[in-house]
Amino acid sequence: MRPIIIAIDGPSGAGKGTLARRLAALLGYPHVDTGAMYRAVAWKACHDHLPLDDDAVVSALSREAQIEQDALGIRIDGHDVTRDIRTPAIDQAAAQVARLPGVRAVLVARQRAMGAGGVVMEGRDIGTVVFPDANVKVYLDASAEERARRRMADAAHTASGTGDVARVQDAMAARDRSDSTRPVAPLTLAPDAVYLDTTELDADGVFAQVVTLVRRTQNEPDTGPASS
Ligand code: DC
């Protein structure tokens, strides 16, 4: 079967990670969490005490850094940062570096290079910028309350267990605003993406709907490569 590119976008806590992992396992494709790439760059910039608003400095870091991602987690220049990138401080730092055009250009080029053999890629600009010709585009959304609740229940994130839903929801809203209003590659719904509101859906329900979409696409005649 021809390899396909599946783009999953949406705000944090909408269920992108769970869906992307399951789809990648089903199809035998790599799962690329592009948010983790922005987080790893932010972690390294903080670790090296670099100014998070200096595009030249942080894009040089993202160009030179070795970033490896697999089912076990993510490493940057040999540091396993899988856990350390899921903290409220890195939430903020990642949103800051994600605003820098030079950093985005470097990471988008890296992400495009990962699509050749088929990929499930999640982020904010996958269907709009990274792979505008992706074979399947899904935009996952959920109410702000539900997304904050999911973030609290996410054991991988240190904000879980704090019991402070209102604070998590406020911080999430601020980052969503930053992601959606930045001048470069803001979070927007691609016109040809399938919009799924997952507020009332469990992970199985979301997965079943998207698998139906994927199977339909796989059965369509090949109209050429999806990667640009
Ligand atoms: O999905 P996440 O919360 O791990 O993403 C971390 C930050 O990176 C968040 O502020 C959104 C940003 N991001 C982005 O700008 N573009 C992407 N493709 C993925 C994430």
Side-chain angles (χ1 to χ4, degrees), residues 5-21 31-46 52-53 55 58-59 61-62 67 69 73-74 76 81-115 119-132 134 137-142 144 147-148 150-160 168-190 193 198:
I5 290 174
I6 302 174
I8 302 175
D9 289 302
S12 36
K16 301 188 298 293
T18 306
L19 171 65
R21 249 187 308 280
H31 160 217
V32 178
D33 173 359
T34 60
M37 297 172 75
Y38 287 95
R39 287 174 180 273
V41 166
W43 178 90
K44 173 93 171 140
C46 293
L52 294 178
D53 57 352
D55 197 6
V58 185
S59 41
L61 179 166
S62 38
I67 303 175
Q69 195 176 168
I74 184 159
I76 184 160
V81 293
T82 312
R83 281 199 62 79
D84 294 349
I85 58 171
R86 312 264 171 212
T87 65
I90 299 297
D91 284 348
Q92 250 190 23
Q96 249 184 295
V97 303
R99 297 181 71 86
L100 305 173
V103 172
R104 299 202 71 85
V106 171
L107 293 189
V108 165
R110 284 178 174 233
Q111 290 153 11
R112 285 190 179 139
M114 296 178 202
V119 73
V120 182
M121 194 172 286
E122 56 162 304
R124 302 292 188 290
D125 61 341
I126 312 307
T128 51
V129 174
V130 182
F131 291 117
K137 295 186 190 182
V138 179
Y139 187 103
L140 288 190
D141 207 353
R147 294 189 296 107
R150 289 179 191 168
R151 170 53 59 85
M152 298 290 293
D154 181 355
H157 206 284
T158 60
S160 69
V168 169
Q169 195 174 321
D170 283 353
M172 237 177 184
R175 284 200 313 281
D176 287 349
R177 251 191 321 277
S178 169
D179 292 338
S180 307
T181 58
R182 66 179 173 226
V184 189
L187 170 64
T188 48
L189 175 66
T198 71

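Because the structure is a prediction, the values reported are computed rather than measured. Counting starts at 1 for both ligands and their atoms, following the listed order.
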What do you reckon, does Arg182 have a nitrogen or oxygen under 3.5 Å from a nitrogen or oxygen of ligand 1? yes
Please confirm whether Met37 comes under 4.0 Å of ligand 1, counting heavy atoms of the residue only. no
When Asp33 is tested against each of Arg86, Arg39, Lys16, Arg21 for salt bridge (Lys or Arg N to Asp or Glu O under 4.0 Å), which residue passes? Arg86
Taking the minimum heavy-atom distance to atom 1 (O) of ligand 1, which of Arg104, Gln96, Arg86, Arg124 ranks first? Arg124
If I apply the N/O under 3.5 Å rule, does Ser12 come out as touching ligand 1? no
Which atom pairs, donor and acceptor, lie under 3.5 Å between side-chain atoms of residues 122-130 and protein residues at least two apart or in another chain?
unit_1	atom_1	unit_2	atom_2	d
Glu122	OE2	His31	NE2	2.7
Asp125	OD2	Arg104	NH2	2.9
Thr128	OG1	Asp125	O	3.4

Under 3.5 Å between any N/O of Arg175 and any N/O of ligand 1: does that happen in this structure? no
Measuring from the heavy atoms of Glu122, does anything fall under 4.0 Å of ligand 1? no
Would you find more than 12 non-hydrogen atoms of other residues, nucleotides or ligands less than 6.0 Å from Gln92 atom CD? no
Any side-chain heavy atom of Pro101 sitting closer than 4.5 Å to one from Asp55? yes
Examine the side chains of Ser178 and Arg99 and answer whether a donor and an acceptor come within less than 3.5 Å of each other. yes
Who's the nearest protein heavy-atom neighbour of atom 7 (C) of ligand 1, and how far? Ala94 CB, 3.9 Å
